[in-house]
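Counting convention: from 1, in listed order, for ligands and their atoms alike. In what follows, every heavy atom counts, from backbone to side chain, and hydrogens, waters and symmetry copies are set aside. In this chain, residues are counted from 1 in sequence order.
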Amino acid sequence: MRLILLGPPGAGKGTQAKMLKDKFQIPQISTGDILRQAVKDNTSLGVQAKTFMDSGQLVPDDVVIGLIRERIKQVDCKAGFILDGFPRTIVQAEKLTETLTEMSLAIDTVVDLEVKVEEVIERLTGRSTCPDCGAMFHAESRPPKVQGVCDGCGSSLAQRKDDNRETILKRLDVYQESTAPLKEFYKRQGNLGTIKARGSAEDIFSRVCEMVR
Ligand code: AMP
């Protein structure tokens, strides 16, 4: 099963991708996570990506396309994968199709998680993430059992550097301009499904599962 999760920042792509990964035992490929890890490790990729990420802009297409090309050829992707945060531009989507075609593969379903702008801002400003295992929490809707501590691995939770109001607004602009056109792109290919990403993560997950089944 090969899936793409589309949707603006804060739509819950990461949360749904993790749940899908556990249920279907296929890897979650998050370009955001890969890039954050590279920044943390101070690799040349991280150095290249950091300024774009901190200001809410997209990392250049050729950088992320190269990452994905390498990743989906790895052996753990044989049974499928979940793309979370990729593609984000038409060029990325075209290159993805090209790479998959070369491998005689295709995307099965593109799940578009639809959410209102006000809700995105509320979700992202209250969000904290575990830098070690990637678990996500929210001050009101999904608080950790102990404040500031990850329920899963016990590490200290952190707020993402780009989860501040100014950068969130920039990320939303970038989404509208560069990523939203992908809905039309995949609609034309006939594999787009839209889900209202309202309610609990579990409710949304059951709608996603119904769609991808
Ligand atoms: P995310 O965790 O998906 O919200 O991504 C965080 C940041 O990483 C984005 O704001 C971009 O700067 C960068 N990024 C992640 N995925 C991509 C992508 N597919 N294309 C370009 N930049 C990306």
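In the model, Thr129 has no side-chain atom that pairs as donor or acceptor with a side-chain atom of Arg160 under 3.5 Å.
Heavy-atom proximity to Val64, at under 4.0 Å, picks out these atoms of ligand 1: 18 (C), 20 (N). Near Gln92, the atoms of ligand 1 lying under 4.0 angstrom from a non-hydrogen atom of the residue are 18 (C), 19 (N), 20 (N), 21 (C).
The main-chain N or O of Phe52 is found under 3.5 Å from a side-chain atom of Ser55 such that the two form a donor-acceptor pair. Proximity of a side-chain donor or acceptor of Asp108 to a complementary backbone N or O of Arg2 within less than 3.5 Å is detected.
Of the protein's non-hydrogen atoms, the one nearest atom 8 (O) of ligand 1 is Met53 CE, 3.5 Å. Among protein heavy atoms, the minimum distance from atom 13 (C) of ligand 1 is reached at Leu35 CD1, 3.7 Å. Atom 10 (O) of ligand 1 has Gln57 O, 4.1 Å as its closest protein atom, hydrogens excluded (heavy atom only). For atom 16 (N) of ligand 1, the closest heavy atom belonging to the protein is Thr31 OG1, 2.8 Å.
In terms of polar-atom proximity, Leu58 is not counted as a contact of ligand 1, lacking any N or O under 3.5 Å from an N or O of the ligand. Among the atoms of Gly85, some N or O lies under 3.5 angstrom from an N or O of ligand 1.
Contact annotation: for Val59 versus ligand 1, heavy atoms closer than 4.0 Å belong to both the backbone and the side chain. With a heavy-atom cut-off of 4.0 Å, Lys13 does not touch ligand 1 at all.
Distances from atom 9 (C) of ligand 1 to the heavy atoms of Arg171, Lys161, Arg88 show the closest one on Arg88.
The shell of residues lying under 4.0 angstrom from ligand 1, judged by heavy atoms, includes Arg160.
Side-chain contact check for Leu5 versus Leu20: some heavy-atom pair is nearer than 4.5 Å.
Heavy-atom minimum distance, Pro87 versus Leu96: CD-CD2, 4.2 Å.
Atom CG of Leu182 is separated from atom CD of Gln92 by 8.0 Å, given to the nearest 0.5 angstrom.
Taking 4.0 Å as the cut-off between side-chain N and carboxylate O, Asp173 and Lys170 do not count as a salt-bridged pair. The existence of a salt bridge linking Asp163 and Arg171 is confirmed by a sub-4.0 Å separation between a basic side-chain nitrogen and an acidic carboxylate oxygen.
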